[in-house]
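Below is one structure; the comments refer to it alone.
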Amino acid sequence: MEQTITSLLLEHSEQLFGMKLEASHFQFQKTKKELKGDITLVIFPFVKMLRCSPQEAGVKIGDFLVAHAGFISSYEVVSGFLNLVVSDAYWIEKLNEIQSETLYGWAKPDSASRIMVEYSSPNTNKPLHLGHLRNNFLGYSVSEILKANGHKVVKTQVINDRGIHICKSMLAWERFSPINAAGERETPQNTGLKGDKLVGKYYVEFDKQFNSEAKAIISQWEQGDFEGFSEELKSEFLKLEAAKEGKEAKALKGIEDKIKDLAKNQTTILRDAKEMLIKWEARDPQVYLLWTTMNGWVYDGFDVTYKAMGVDFDKLYYESETFLLGKDMVLEGLEKGVFYRKQDGSVWIDLTSDGLDEKLVLRSDGTAVYITQDIGTAVDRFKDYPDLSSIIYTVGNEQDYHFKVLFLILKKLGYDWADQCAHLSYGMVDLPSGKMKSREGTVVDADDLMEEVVAKAAEMTRERGHLEGMTEEEKEELFQLIGMGGLKYYLLKVDPKKRMLFNPEESIELNGNTGPFIQYAHARIRSLIAKAGTMPSNTIASALLPEEKEIVQLLSEYPVVVKEAGRELSPALIANYTYELVKAYNHFYQSVYILNEPNTELRELRLILSDSVAKVIRSSMQLLGIRVPERM
RNA sequence: GGUCCCGUAGCUCAGCUGGAUAGAGCAACUGCCUUCUAAGCAGUAGGUCUUUGGUUCGAAUCCAAACGGGAUCACCA
């Protein structure tokens, strides 16, 4: 409609204003609630050019639109704003249109380019936590939103399955696992523990031993005993000790951390883990077997977690298979002069002219670093999917710098698609008690949290839900749907870019701006429709109540919101929109009769309105990965 | 220290490329279930949009600085 008005006015701008106007002059907004009208054109931008008062300009445009745009029935000019009243006939036609479309608001499937969305990408040494939940829900939802915008989407992750951290769990398991009567160490099978939890347990165990060994070394040093340590180390330690003198708490902690690092590097347990990594890289059969076994446990555990989350992937990349990929790119770039080699053999890129630093891309021993692999993986992905237009990396904002560098390097290597790639950088999730810290045990486990929200949903639904006639299985399904819906909505309703606070109590709330609030509205409508029996295919009503018009207006905005969410990669826009729609519907529901409306024409109108709202709720929630119930 | 992000009601968040009197939810207080699901609705109260300058018809929004919070700057990932 805004476009129709704009082009109409542009077309006649010479006869109306005596000059050519530009589309950018047209600013529309929804008319304020208290005022008469549906849509408002801001007049100010024209005033200067037209050399007349806002009032005159408004009247001129208003008169013209009433005469030439069929759907504008009247107007009012209020202090520089032209408030246009759109005829009810227009909105009713709009409603019929919405009702007739099955995939209302979505672009034609496969009508746009192929995009890869990467999300999750966990380490295989510990279980998934609350931060991963935000990551996964976001990545999944953005994938759905892109599909709704016509894109073909490849959901992917790169699994961080190698490196020193993996060796730590492996070593700890080998060394510290108790051996049972059958002569076996702990396994998921003989303990009943979820695989990722079991491996995570040994990662923690490693850290414990690691720390106590380091502590022992420090106290040895503190007593002046440097037996078995180099002179260099001794002087380094003494230097740091001396630096502690007279320092404030914050600086003191920094120094103590440095001392700790110093000691940690001297522990035998770390040396052993590093040795294991070298063996792994050399494909030592024993280490390799241990590695595949323990990773297998983790994958089994992750599968369970992903299933509960309701997310999935189309293609997996494993770091163990990709970590060498970037090396060729680096050598190629070296030839092109994009990179340069230092005396010690390490390879770097100088990004200082782009306002960044120098960045290492290959170690002096020729091994790959994190970014080397990312370069290789990106190129590889475009080879795997030749029609790929972009990769979207759903990764926390602590890696903003990394991706800035990555995209810049890819660009310098001559890959034009680098400009299309994006870092969907999301903020950290904080707890009321502060930051999540694995060392302090304040990490919220993903499985535990999901179990908790579902249990809470069950409790509350049993209290007040409409469960008669449902089988136990159906009830469980419903509790799952409500609990997970609440959790997902809670994590997705805030702008992804922003750091957010996770309040456990609020996350299981059922009232207000929550998932269950929206699900409830859907259930109410569905039950209404079930009672109605038949659904009319269109309405022949000729007038709308304000409550009804409000809803049609909101419904008509849905396609715009879907587009916007796709452009911004923001599920929050979908969530907020749906919340507005539901609020408007609830208001309408409470103020008029629907089924009980005696006038057939009105009843049909309201039924269609309700049905369309349910449809858009279902559709928008699908974009968030949230299911909606028929009853609750 | 360099770079980047953030600062809106007691709390958690909306506020699109500048537009009318800054909005929701939670918490507090008032009402509404013998008509379609009260996980709902209607209402009251709550604000110097961190501060100070600038840009202009007009600033929560754009620019600059200050203050406060966070991230990052590894031959870690």
Side-chain angles (χ1 to χ4, degrees), chain A residues 24 27 29 31-32 34-35 40 42-45 47-48 54 78-81 83 121 123 160 162-165 319 342 344-348 355-357 359-371 373-374 396-402 404 425 427-428 430 432 435 457 460-461 463-466 482 486 490 493-495 497-503 505-506 509-521 523-529 531-532 560-561 564 568 572-573 575-576 579-580 582-583 586-597 603 606-607 610 631-632:
Chain A
S24 61
Q27 278 180 55
Q29 53 187 318
T31 306
K32 289 208 74 157
E34 311 85 76
L35 299 168
T40 293
V42 185
I43 300 298
F44 294 107
V47 172
K48 226 189 267 175
V78 184
S79 57
F81 296 89
N83 300 332
S121 301
N123 289 353
N160 210 321
R162 57 149 224 127
I164 189 74
H165 47 286
E319 199 195 306
K342 284 194 180 173
D344 61 6
S346 58
V347 181
W348 296 73
L356 305 174
D357 302 319
K359 179 86 186 170
L360 176 98
V361 291
L362 213 57
R363 292 194 187 100
S364 52
D365 62 4
T367 57
V369 289
Y370 183 50
I371 201 156
Q373 158 194 304
D374 262 357
N397 62 11
E398 69 224 335
Q399 294 196 34
D400 283 355
Y401 183 74
H402 171 77
K404 223 181 197 172
S425 161
M428 298 291 103
D430 288 330
K435 283 179 72 170
M460 294 171 118
T461 305
E463 248 172 56
R464 68 184 101 181
H466 301 76
I482 294 171
Y490 185 84
K493 74 176 172 185
V494 303
D495 184 342
K497 293 195 287 294
K498 290 195 178 165
R499 164 179 282 270
M500 73 173 289
L501 185 83
F502 182 83
N503 185 326
E505 275 115 61
E506 275 179 22
E509 241 330 299
L510 307 175
N511 308 318
N513 189 0
T514 66
F517 172 87
I518 288 164
Q519 291 171 321
Y520 179 71
R524 256 195 337 193
I525 296 174
R526 294 303 301 166
S527 117
L528 198 69
I529 287 166
K531 280 190 184 147
V560 183
V561 175
E564 182 70 11
E568 298 279 325
L573 297 179
N576 289 330
Y579 177 58
E580 290 300 319
V582 166
K583 268 202 299 187
N586 284 347
H587 173 70
F588 156 83
Y589 180 91
Q590 219 87 29
S591 47
V592 301
Y593 293 137
I594 301 168
L595 275 186
N596 294 338
E597 168 58 49
R603 196 179 69 224
R606 288 171 192 168
L607 267 174
S610 302
R631 41 188 290 216
M632 68 187 272

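Lettering follows sequence order; numbering is per chain, from 1. Any value given below was found using the heavy atoms of this structure, including those in side chains, with hydrogens, waters and symmetry copies removed.
Mapping A:K404 and A:T461 onto RNA chain B via the closest heavy atom, the residue that lands nearer the 5' end is A:K404. Judged by closest nucleotide on RNA chain B, A:L356 is the one of A:L356 and A:M428 placed further toward the 5' end.
Between the P atom of B:U72 and the CG atom of A:N397 lies a distance of 9 Å, rounded to the nearest Å. Taking atom NE2 of A:H466 as the reference point, atom P of B:A39 lies 7 Å away to the nearest angstrom. In this structure, A:F517 places its CZ atom 8 Å from P of B:G25, rounding to the nearest Å. Separating the CD atom of A:Q29 from the P atom of B:U61 is a distance of 17 Å, rounded to the nearest angstrom. Distance, A:F81 CZ to B:G19 C1': 4 Å, rounded to whole Å. Rounded to whole Å, atom P of B:A20 lies 11 Å from atom CD of A:Q27. Here B:G40 presents its C1' atom at 20 Å from CZ of A:R526, a figure rounded to the nearest Å. Whole-Å rounding puts the A:L360 CG to B:C73 P distance at 13 Å.
The same atom, P, is picked in B:A59 and in B:G18; the two are 13 Å apart, to the nearest Å. On the P atoms, B:A24 is 42 Å away from B:G2, given to the nearest whole Å. Between B:G31 and B:G69, the distance separating the two C1' atoms is 42 Å to the nearest Å. Taking the C1' atoms as reference points, B:A45 lies 15 Å from B:C26, given to the whole Å. Distance noted for atom P between B:U61 and B:U51: 10 Å (whole Å). Using C1' as the reference atom, B:C16 and B:G54 are 25 Å apart when rounded to the nearest Å. Going from the P atom of B:C49 to that of B:U8 covers 12 Å, rounded to whole Å. Between B:G68 and B:U50, the two C1' atoms lie 8 Å apart (nearest whole Å).
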Discussion item. Checking A:I594 against A:F588 for the side-chain contact (heavy atoms from CB on, under 4.5 Å) test, could you report, in this order, the C-alpha distance in whole Å, the side-chain angles of both residues, the deciding distance, and whether it holds?
Written reply: CA-CA 10 Å; A:I594 301 168; A:F588 156 83; 3.8 Å; yes
Worksheet entry | CA sep, side-chain torsions, deciding dist, call: A:F517, A:N586, side-chain contact (heavy atoms from CB on, under 4.5 Å) | CA-CA 10 Å; A:F517 172 87; A:N586 284 347; 3.3 Å; yes
Worksheet item: Checking side-chain contact (heavy atoms from CB on, under 4.5 Å) for the pair A:D430/A:F502: CA distance, chi angles, key distance, verdict?
Response: CA-CA 6 Å; A:D430 288 330; A:F502 182 83; over 6 Å; no
Worksheet entry | Verdict with reasoning, A:Q29 to A:F81, per side-chain contact (heavy atoms from CB on, under 4.5 Å) | CA-CA 10 Å; A:Q29 53 187 318; A:F81 296 89; 3.5 Å; yes
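Side-chain contact of A:N397 with A:R499: a donor-acceptor pair under 3.5 Å is absent, judged by distance alone.
The ring pair (Phe, Tyr, Trp, His ring centres under 6.0 Å) check on A:Y401 picks up nothing, with sequence neighbours excluded. The side chain to side chain donor-acceptor pair (under 3.5 Å) check on A:H402 picks up A:D374, with sequence neighbours excluded.
For the pair A:R631 (side chain) and A:H466 (backbone), a donor-acceptor distance under 3.5 Å is present. In this structure, the side chain of A:T461 engages the main chain of A:A457 through a donor-acceptor pair within 3.5 Å. Side-chain N or O atoms of A:R606 include one that pairs as donor or acceptor with a backbone N or O of A:Y593 at under 3.5 Å. Listed for the A:T514 side chain is a donor-acceptor partner under 3.5 Å among the backbone atoms of A:L510. Side-chain atoms of A:K493 come within 3.5 Å of backbone atoms of A:N513 as a donor-acceptor pair (strictly under, hydrogens ignored).
Nucleic acid contact for A:E505: none, since no nucleic acid atom lies under 4.0 Å from a heavy atom of the residue. Contact annotation for A:I371: no contact, since no heavy-atom pair falls under 4.0 Å across all strands. As judged by a 4.0 angstrom heavy-atom cut-off over every strand, A:Y401 is placed among residues touching the sugar-phosphate backbone only. At a threshold of 4.0 angstrom between heavy atoms, the contacts of A:H587 are confined to the sugar-phosphate backbone, with no base atom among them. When heavy atoms are screened at a 4.0 angstrom cut-off, A:N83 is found touching base atoms of the nucleic acid. A:A523 comes within 4.0 angstrom of a nucleotide base, judged by non-hydrogen atoms across all strands. A:Q399 comes within 4.0 angstrom of a base, heavy atoms only.
Distance check, rounded to the nearest 0.5 Å: CG of A:N160 to CZ of A:R162 gives 8.0 Å. Residue A:L607 holds its CG atom at 6.0 Å from CG of A:L528, rounded to the nearest 0.5 Å. Between the CG atom in A:N511 and the OH atom in A:Y520 there is a gap of 10.5 Å [rounded to 0.5 Å].
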Worksheet item: Going 5' to 3' along nucleotides 7-14 of chain B, which nucleotides have protein heavy atoms under 4.0 Å from the base (write B), which only from the sugar-phosphate (write S), and which from neither (write -)?
Response: S----SSS
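Between A:K583 and B:G40, a side-chain N or O to OP1/OP2 separation shorter than 4.0 Å is absent. A sub-4.0 Å separation between OP1 or OP2 of B:A39 and a side-chain N or O of A:Y520 is present.
The residues A:R363 and A:D365 are annotated as not salt-bridged, no charged nitrogen and carboxylate oxygen being separated by less than 4.0 angstrom.
Within residues 362-369 of chain A, the residues having any heavy atom closer than 4.0 Å to RNA chain B are, in order of number, A:R363, A:S364, A:V369.
Set against B:G19, B:A39, B:A71, the side chain of A:P45 has B:G19 as its closest nucleotide.
Counting heavy atoms from C-beta outward, A:M428 and A:K435 have side chains that stay 4.5 Å or more apart.
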Discussion item. Wobble G-U and Watson-Crick pairs count when both distances are under 3.5 Å; given that, what is the 5' to 3' dot-bracket string of RNA chain B, with | for pairing to other strands?
Written reply: (((((((..((((.....[...)))).(((((.......))))).....(((((..]....))))))))))))....
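For the pair A:Y579 and B:A24, the ring geometry does not qualify as stacking, because the centroid separation below 5.5 Å and plane angle under 30° are not jointly satisfied.
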Which pairs, protein N/O on one side and nucleotides 32-36 of chain B N/O on the other, fall under 3.5 Å?
| residue | atom | partner | partner atom | Å |
| --- | --- | --- | --- | --- |
| B:U35 | O2' | A:N596 | ND2 | 2.4 |
| B:U35 | O2 | A:Y593 | OH | 3.1 |
| B:U35 | N3 | A:Y593 | OH | 2.3 |
| B:U35 | O4 | A:Y593 | OH | 3.2 |
| B:C36 | O3' | A:K531 | NZ | 3.1 |
| B:C36 | O2 | A:I594 | N | 3.4 |
| B:C36 | O2 | A:L595 | N | 2.8 |
| B:C36 | N3 | A:I594 | N | 3.1 |
| B:C36 | N4 | A:Y589 | O | 2.7 |
| B:C36 | N4 | A:V592 | O | 2.4 |

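Nucleotide B:C62 is shown with an anti base, its glycosidic torsion being more than 90° from 0.
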